[in-house]
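The block underneath contains the structure these notes are about, expressed in C-alpha cells.
Note that this is a predicted model, so its numbers are computed, not measured.
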2 protein chains.
Amino acid sequence: MKVLIVEDDPLHRSYLHEAVRAALPECDMVLEAENGLSGEIQARKSRMEHVIMDLQMSERNGIEAARTIWRERPDTKILFWSNYSDEAYVRGVSRIVPEGATYGYVLKSASDERLKLALRSVFMESQCVIDREVRGIQQKSLGNAHGLSDAEYEILVDVALGLTDKAIARRKKLSLRSVQNRLQQLYEKLEIYQIPNAQTEGWYNLRMRAVAVALLRKILNTSALERAERELRDFVQS
Amino acid sequence: MKVLIVEDDPLHRSYLHEAVRAALPECDMVLEAENGLSGEIQARKSRMEHVIMDLQMSERNGIEAARTIWRERPDTKILFWSNYSDEAYVRGVSRIVPEGATYGYVLKSASDERLKLALRSVFMESQCVIDREVRGIQQKSLGNAHGLSDAEYEILVDVALGLTDKAIARRKKLSLRSVQNRLQQLYEKLEIYQIPNAQTEGWYNLRMRAVAVALLRKILNTSALERAERELRDFVQS
DNA sequence: GCAGAATCTGCGGGTTCCCGCAAGACAAGT
DNA sequence: ACTTGTCTTGCGGGAACCCGCAGATTCTGC
C-alpha cells in the first residue's frame, strides 16, 4: 500500500509522514510532493491510490491537482487537509468530487486522533469523513441559509474578476438585464445597503462592496479568484 | 532573558520553541500565545522584550498585535516569521515600525540556520535582519518599479472596501476630481486597459478590475482588507 | 526668486451602473 | 385552464464612473 503526501510546508509534511506511519502500519511506501503540480505528476507516474492533499499551495493548488488526478483515476482516495474552512474551498472541493469517489476533509487544527481516524476510515474503509465545521459550511452552501446559490456565486466571481455587466451577459449567454437582476439578488443576499447612516452619506459602490464583503466573509478567496482568472483567459482566446 | 512566541499553528510553535532553545541558550523562559490578542496580553503582563510573531492569525493578526505592543514598549524586539512575502504584509510591517526599533523578517521557508542566525542577530545584537526576498519587495514598495506609491495604495484600499469616489473624497479630504485622478494613476500602474482583445469586447469595469489584479498580484490580501474595514468602521461612527 | 514639474480642482460629455416598472416564458400546484 | 411563482427580457431615467481639457496651486531644483 502506497500513500502520496502533497503539502508545501516541510513541517506539516513530516508530521503527516509520521501520522501515516502510526495510523497505517500496512503502508510500506510514502511519497512526498511539495506542490500541486509535482503532486499530479507523481500520482500519475506511481499510480497512487491514496493521496493526502493540502489546499492552498503555490504552483498549483490542491483543488486543481485533485481534479486532474480524479480525472485520470476516479477511484483515487483523497484526504484533504486544510488550514481553514473557507466557503470557497469547501465549495471548490465538493464541486470536483466525481460520482461515488471517496474522500475526506479534515482541518489542520484537528487532533492527532481525528487525523489518524480519518486516515484509516478513508484509505482502508473507503468511507467519506468530513470535519464537523466543514460540514456546517457545506450544508449552508448547498441549502442557502446564508450561503449563495450557484447562479449567485458564479456572477459574484465574474464581477470580482472585473467584468462589466455586458461582458458577463455575453459570457453567460444572458441578456444585460438578467445579469443585473442576478446582481440585485446577490446584493440582497449579502445585505449590501447604501448606508443611509445619518449624516455619513458615505455611499457604497455596490458591485465593489459585494466583492469586499464576500472576501471578508470568506465566501471568496484569492485561490478561487486565480482559478476563475485562468478560466477567463481560456474563454477569451477561444 | 525571556522570549514570547506568538503563532497559531502548534507545529510551528513547537518548532520555534526548539529553535529558540538551540540558538539562545541564555534564554531561560519561553512563553507561547496562539493568537494576536493573547499575544498582546502576555507581552504586557510579562513585560516581554523579545517576541517572535507570526502574521496571519485568527482573532488578531500579527501586524496589529505588533503595533499595540510597540505602542506600549517601543524598545521591544520583534522577529516576524511569515509564510509568504506578500506586498501587503511587508508594507504593513514597515508601516508600523517605530523610529529606531529593531526587528526582523524571515520567511518560514528559510533554513534552520537562517532562522537561528536571525534570532541571535535581532535579540542579542539588536540588529535588523530582513530576508532577501522580502527585501526585494520592500525596495519595490518604496521606490515604485512595479509597486504603488502610498497615495495609490491608500486609494486602492478604499476602492476595495467598496467606497464611492465621493465617499473617498470626503474621507481623504480631497475633491472628487482628485480622487478620480489618483484612480487614473492607479489604473496605469496596474496596467488596466480595456479591450482585452479585438472582437471580444468583453470590457472591464476598471475599478473592480484594478482590485482583482491587485489581489492576484498579492499587492492586496484579505488581512489588509480586514484591517482597513475596521478602520473604516471607526471612521464612520466618529 | 523663478522656471518646470507635479498635483489639485472645476467643467463637460460619453458610458456604465443601479433599479423600478411591466410584459412575456416556463414549471408546478390546486 | 387558471393561478401562483420564479426567471428572463426590454425600456427608461437618475446617479456614479471614466476621462480629456484647462486653469490654479503646491512642490521642486537651480
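- In the 5' to 3' direction, nucleotides of DNA chain C lying under 4.0 Å from heavy atoms of chain B begin and end at dC8(C) to dT16(C).
- Using a 4.0 Å cut-off on heavy atoms, the residues of residues 173-181 of chain B that approach DNA chain C are L174(B), S175(B), R177(B), S178(B), N181(B), listed by number.
- For the pair E229(B) and R233(B), the salt-bridge criterion is met [side-chain N within less than 4.0 Å of a carboxylate O].
- Remark: E226(B) pairs with K218(A) by the salt bridge (charged side-chain N to carboxylate O under 4.0 Å, His left out) rule, at least two apart or across chains.
- A salt bridge is absent between R120(B) and E125(B); no separation between the charged side-chain nitrogens and carboxylate oxygens falls under 4.0 Å.
- Distance, L206(A) CG to dC17(D) P: 10 Å, rounded to whole Å.
- Atom CD of E152(A) and atom C1' of dT6(D) are 13 Å apart (whole Å).
- Axis deviation across the helix from dG4(C)-dC27(D) to dT30(C)-dA1(D) amounts to 30°, comparing end segments of five pairs, rounded to 10 degrees.
- Here K108(B) pairs with E7(B), D54(B) under the salt bridge (charged side-chain N to carboxylate O under 4.0 Å, His left out) rule; sequence neighbours left out.
- Not a single ring-ring contact (aromatic ring centres under 6.0 Å, His included) links Y105(A) to another residue, sequence neighbours left out.
- Looking at residues two or more places apart in sequence or on another chain, you find no salt bridge (charged side-chain N to carboxylate O under 4.0 Å, His left out) involving R182(B).
- For residues 55-65 of chain B, the set of pairs meeting the salt bridge (charged side-chain N to carboxylate O under 4.0 Å, His left out) definition, not counting sequence neighbours, comprises E40(B)-R60(B), E64(B)-R230(B).
- One atom, CZ of R182(B), and another, P of dC17(D), lie 16 Å apart when rounded to the nearest Å.
- Counting to the nearest Å, the C1' atom of dC19(D) and the CH2 atom of W203(B) are 12 Å from each other.
- The distance from atom CD1 of I168(A) to atom P of dT9(D) is 14 Å, rounded to the nearest whole Å.
- Partners of S223(A) under the side-chain hydrogen bond (donor to acceptor under 3.5 Å, both in side chains) rule, at least two apart in sequence or in another chain, are Y89(A).
- In this entry the distance linking CD of Q185(B) with P of dG20(D) reads 14 Å, nearest Å.
- Y187(B) places its OH atom 8 Å from the C1' atom of dC18(D), with the value rounded to the nearest Å.
- Among residues two or more places apart in sequence or in another chain, the salt bridge (charged side-chain N to carboxylate O under 4.0 Å, His left out) test is passed with R71(A) by none.
- In this structure, K166(B) places its NZ atom 12 Å from C1' of dG14(D), rounding to the nearest Å.
- In this view, E49(A) satisfies the side-chain hydrogen bond (donor to acceptor under 3.5 Å, both in side chains) rule with no residue, not counting sequence neighbours.
- Listed by chain and number, the residues in a side-chain hydrogen bond (donor to acceptor under 3.5 Å, both in side chains) with D131(A) are R114(A) (sequence neighbours excluded).
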